[in-house]
Amino acid sequence: MPELPEVETVRRGLVPVLEHRRLTRVTLRRGDLRVAFPPHFAERLVGREVKRLFRRAKYLLAELDEGETLVMHLGMSGRLSVHAQERHRRLGRYTRVPAPAEVGRGPHDHVIIETDAPATIVFTDHRRFGLMLLLETATLEQHPLFDGLGVEPLSKRFTAAYLGKVLEGRRTPIKSALLDQRTLAGLGNIYVCEALFRAGISPKRSASKVDRARSLRLTRAIRSTLRQAIKAGGSSLRDYAHTDGALGEFQHRFAVYDREGAPCPRAGCEGGIKRIVQSGRSTFFCPACQR
DNA sequence: CTTACGGCCTGTACGC
DNA sequence: TGCGTACAGGCCGTAA
């Protein structure tokens with residue numbers, strides 16, 4: 001799935017069942033994701049409290065007590081679904097009624113996390129490009145996964161000046177440079193295509209030849225695209241869904257992505273959307289308005 | 001150093 | 001219907 005807006009939407013869905021909650025049970029159904037689970041992964045999580053749930057690039061991070069952080073990445077096809085458990089009052093005490101037995105029983109359900117919300121969270125990933133790790137909070141930024149990531153595109157540090165600086169001297173096309181998480185953290189193929197269209201920049205333009213005016217337009221286009229996508233709950237194409245199973249809506253607003261042959265949506269433009277392949281990935285753009 | 005490419009997995013859509 | 005091929009939102013290791 002998931003680029004920044006999708007991961008952010010999932011994060012918001014998980015906050016009520018994770019933040020300031022305790023992990024009561026963790027079950028691993030299979031252990032062969034892109035990165036193997038650390039030893040005793042499940043046992044180490046049980047009983048821990050989640051202090052906050054935040055996002056860096058496309059990573060979801062649950063900061064736990066005792067100085068450790070649970071790192072989650074959804075890869076291409078990962079999903080996190082929340083199944084609320086009921087709380088019944090019986091004999092003056094609250095008794096938990098577990099989620100139905102079929103929850104977490106799918107062939108690609110890898111991890112089941114129960115919390116005292118009470119709720120069951122299931123991590124599903126049929127392509128197994130996702131990962132879950134437990135890392136020390138203090139040295140998180142130095143870990144190879146995070147060391148060298150670019151700035152967050154929705155933070156104050158993301159400015160036209162920053163963009164100009166990180167694109168300087170790069171000989172690769174702007175499309176490829178924006179997909180590189182060291183340039184900017186969190187963009188993927190969809191939102192790069194959409195932002196370049198909004199900024200009127202050709203995906204084939206050399207990154208080093210994105211001038212001042214263009215980098216200003218691009219900065220604004222990236223911010224507006226991401227903000228609107230988050231507001232729409234992300235884009236649901238194949239695997240992506242919210243934690244409650246609802247679908248995102250932003251796919252209905254794509255100007256270029258997956259619209260090969262469609263007329264360019266810009267008023268007054270007679271051109272059509274073209275698809276090309278750049279470093280092995282599909283790029284969609286309007287050759288008439290993107291220069 | 002930078003950049004390009006293949007591979008990791010499985011599922012789905014499409015053409016014959 | 002069945003089969004083969006291409007492709008999919010990410011990332012990493014290797015090679016040039």
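Order of the sequence lines fixes the chain letters, A, B, ..., with proteins taken first and strands second; residue numbering starts at 1 for each chain. No hydrogens, no waters, no symmetry mates; every other heavy atom, side chains included, goes into these values.
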Just how far, in rounded Å, is [atom2] of [N] from [atom1] of [X]?
| X | N | atom1 | atom2 | answer |
| --- | --- | --- | --- | --- |
| Phe254(A) | dA8(C) | CZ | C1' | 13 Å |
| Asp258(A) | dA6(C) | CG | P | 18 Å |
| Met72(A) | dC11(C) | CE | P | 15 Å |
| Glu260(A) | dA6(C) | CD | P | 16 Å |
| Tyr240(A) | dA8(C) | OH | C1' | 17 Å |
| Asp147(A) | dC11(C) | CG | P | 16 Å |
| Arg79(A) | dG10(C) | CZ | C1' | 18 Å |
| Arg128(A) | dA8(C) | CZ | C1' | 17 Å |

Report task. On DNA chain B, reading 5' to 3', which nucleotide is the first and which the last to sit with an atom under 4.0 Å from a heavy atom of chain A, could you check? Result -> dT3(B) to dG11(B)
Query raised in the report: Between Arg128(A) and Ser77(A), is a side-chain hydrogen bond (donor to acceptor under 3.5 Å, both in side chains) present by the stated rule, with each step listed?
Result: CA-CA 8 Å; Arg128(A) 280 186 274 138; Ser77(A) 57; over 6 Å; no
Is a donor from one side chain sitting under 3.5 angstrom from an acceptor on the other, for [X] and [Y]?
| X | Y | answer |
| --- | --- | --- |
| Thr120(A) | Gln85(A) | yes |
| His83(A) | Ser81(A) | yes |
| Asp116(A) | Thr24(A) | no |
| Ser235(A) | Tyr257(A) | no |
| Arg171(A) | Ser206(A) | no |

Report summary line: Taking for Leu237(A) and for Tyr59(A) the nucleotide of DNA chain C with the nearest heavy atom, the one nearer the 5' end belongs to Leu237(A)
Query raised in the report: With both distances kept under 3.5 Å, what pairs with dC11(C), Watson-Crick or G-U wobble?
Result: dG7(B)
Requested in this report: Would you classify Ser235(A) as touching base, sugar-phosphate or nothing, given that sugar-phosphate means primed atoms plus P, OP1 and OP2, and contacts are heavy atoms under 4.0 Å?
Outcome: base
Query raised in the report: Base, sugar-phosphate, or nothing: which does Leu145(A) touch, judged by heavy atoms less than 4.0 Å apart?
Result: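 Leu145(A): backbone/sugar contact only, no base atoms under 4.0 Å.
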Query raised in the report: Going hydrophobic residue to hydrophobic residue with side-chain gaps under 4.5 angstrom, can you get from Val82(A) over to Leu70(A)?
Result: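 They do share one cluster, since a chain of ILVMFWY contacts under 4.5 Å joins Val82(A) to Leu70(A).
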Requested in this report: Measure the CZ-CZ distance between Phe54(A) and Arg11(A) for me, rounded to the nearest 0.5 Å.
Outcome: 10.0 Å
Requested in this report: For side-chain hydrogen bond (donor to acceptor under 3.5 Å, both in side chains), just list the numbers for Thr283(A) and Arg275(A), CA-CA rounded to whole Å, side-chain angles, deciding distance to a tenth of an Å, and then say yes or no.
Outcome: CA-CA 6 Å; Thr283(A) 300; Arg275(A) 173 184 175 270; over 6 Å; no
Report task. Please list, by residue number, the residues of residues 185-205 of chain A whose heavy atoms come closer than 4.0 Å to an atom of DNA chain B; answer none if no residue qualifies. Result -> none
Report task. Please determine if a side-chain N or O atom of Arg281(A) lies less than 4.0 Å away from the OP1 or OP2 oxygen of dG10(C). Result -> yes
